[in-house]
Q: 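Dumping the structure here so I can ask a few things about it.
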Amino acid sequence: MSATAQATAKGAEAGARSSRTIQLISFTVGSEEYGVDIMAVREIRAWSETTPLPNTPEVVRGVINMRGAIVPIFDLRARFGMPRTEPTKYNVVIIVSVASRIVGILVDAVSDIITINEDEIRPMPEMEQVSGIGFMEGLITVGERMVGLIGLDRMFSGRMLDSADTAARPMLAGPSADAGAA
């Protein structure tokens with residue numbers, strides 16, 4: 001293949017990458033709209049009560065049994081630094097895959113499926129660190145509305161996922177020796 005043909009092929013490949021379409025599930029939390037990559041979504045469920053776990057962060061609502069798998073449910077309002085959700089029958093849990101784990105996120109409502117080109121994602125504006133903004137991968141304009149693209153890997157760091165796991169495991173060894181020394 002000639003150098004010109006190789007350059008043309010590489011340019012076409014780069015163009016195809018930048019115009020790759022992705023689909024998002026959009027949902028509301030309060031008056032704001034957010035989206036996650038549809039490829040991470042496993043299921044959308046109506047709200048049902050969870051089993052609370054002791055010693056978990058405020059954002060962990062509890063766990064549910066989903067066909068034999070224990071799935072932690074995270075309250076997105078609380079994760080964004082807002083008051084915890086008071087769930088109603090209208091709230092929804094989106095079951096997503098994050099870092100080879102399955103978790104649920106409690107949201108107010110699912111809005112839409114949005115198809116966009118990857119190059120339509122705009123970077124977050126430079127600003128002081130605000131609660132929740134560190135989870136954002138960018139902004140998307142859909143008609144007159146702005147949709148914040150949530151990075152699930154950013155939102156659920158290993159420590160956040162571990163907090164739901166460790167509370168679900170029974171304590172076998174009892175209190176540590178260090179606790180009595182203080």
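Residue numbers start at 1 and run along the sequence shown.
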Q: Does a sphere of radius 6.0 Å around CE in M146 hold more than 12 heavy atoms from other residues, nucleotides or ligands, not counting ones at 6.0 Å or beyond?
A: yes
Q: N117 side chain to E120 main-chain N or O, any donor-acceptor pair under 3.5 Å?
A: no
Q: How long is the gap from CZ on R154 to CE on M136, to the nearest 0.5 Å?
A: 9.5 Å
Q: Do the side chains of P72 and R61 get nearer than 4.5 Å, heavy atoms only?
A: no
Q: Kindly give the heavy-atom pair with the smallest separation between G104 and V71, and that separation in Å.
A: N-CG1, 3.8 Å
Q: Under the side chain to side chain donor-acceptor pair (under 3.5 Å) rule, what do T115 and Q23 come out as? Steps first, then yes or no, please.
A: CA-CA 4 Å; T115 303; Q23 288 190 311; 3.0 Å; yes
Q: Is the shortest heavy-atom distance from the side chain of I73 to the side chain of I64 under 4.5 Å?
A: yes
Q: Could you list the residues that satisfy side-chain contact (heavy atoms from CB on, under 4.5 Å) with D112, not counting sequence neighbours?
A: S26, I114, R145
Q: Measuring from atom CH2 of W47 to atom NZ of K89, what distance do you get when rounded to the nearest 0.5 angstrom?
A: 16.0 Å
Q: Kindly write out the residues that satisfy side-chain hydrogen bond (donor to acceptor under 3.5 Å, both in side chains) with R122, not counting sequence neighbours, or none if the list is empty.
A: none
Q: Are V92 and I44 packed together at the side-chain level, in the sense that at least one heavy-atom pair is separated by less than 4.5 angstrom?
A: yes
Q: For the pair F80 and F135, name the ring-plane relationship: parallel under 30°, tilted 30 to 60°, perpendicular over 60°.
A: parallel
Q: What do the steps show when you test F156 against I105 for side chain to side chain contact (heavy atoms under 4.5 Å, CB included), and what is the final call?
A: CA-CA 11 Å; F156 296 105; I105 54 176; 3.4 Å; yes
Q: Identify the heavy atoms of S111 and E33 that sit nearest to each other, and give their distance.
A: CB-OE2, 3.6 Å
Q: Looking only at heavy atoms, what is the nearest atom pair of N91 and E86, with distance?
A: OD1-O, 4.2 Å
Q: Is the shortest distance from a Lys or Arg side-chain nitrogen in E58 or R79 to a carboxylate oxygen in the other one below 4.0 Å?
A: no
Q: Taking M155 as the starting point, is it possible to reach V110 by hopping between hydrophobic residues whose side chains are less than 4.5 Å apart?
A: yes
Q: Are V103 and I95 packed together at the side-chain level, in the sense that at least one heavy-atom pair is separated by less than 4.5 angstrom?
A: no
Q: State yes or no: do V147 and I150 share one hydrophobic cluster built from I, L, V, M, F, W and Y residues joined by side-chain heavy-atom distances below 4.5 Å, directly or via other members?
A: no
Q: Counting distance only, does the side-chain N/O of T88 pair as donor-acceptor with the main-chain N or O of Y90 below 3.5 Å?
A: yes
Q: Taking all heavy atoms of V98 and all of L152, pick out the closest pair and write down the distance.
A: CG1-O, 3.7 Å
Q: Check the pair I38, I113 against side chain to side chain contact (heavy atoms under 4.5 Å, CB included), reporting the backbone distance first and the verdict last.
A: CA-CA 8 Å; I38 199 169; I113 296 176; 4.2 Å; yes
Q: Please tell me if the side chains of Y34 and L24 come closer than 4.5 Å, counting only heavy atoms from C-beta onward.
A: no
Q: Where do I121 and E137 land on the side chain to side chain contact (heavy atoms under 4.5 Å, CB included) test, with the steps shown first?
A: CA-CA 8 Å; I121 301 171; E137 290 187 336; 5.8 Å; no
Q: Looking at D75 and L106, would you say the former's side chain and the latter's main chain have a donor-acceptor pair under 3.5 Å?
A: no
Q: Are any of the side-chain heavy atoms of M82 and V29 separated by less than 4.5 Å?
A: yes
Q: Can you tell if the side chain of V93 reaches within under 4.5 Å of the side chain of F74, non-hydrogen atoms only?
A: no
Q: Starting at CE of M124, measure out to CG of L149 and round the result to the nearest 0.5 Å.
A: 10.0 Å
Q: Would you confirm whether D108, through its side chain, and G30, through its main-chain N or O, come within 3.5 Å as a donor-acceptor pair?
A: yes
Q: So do the side chains of R42 and I102 get within less than 4.5 Å of each other, counting heavy atoms only?
A: yes
Q: So how far is it from I22 CD1 to I116 CD1, rounded to the nearest 0.5 Å?
A: 4.0 Å
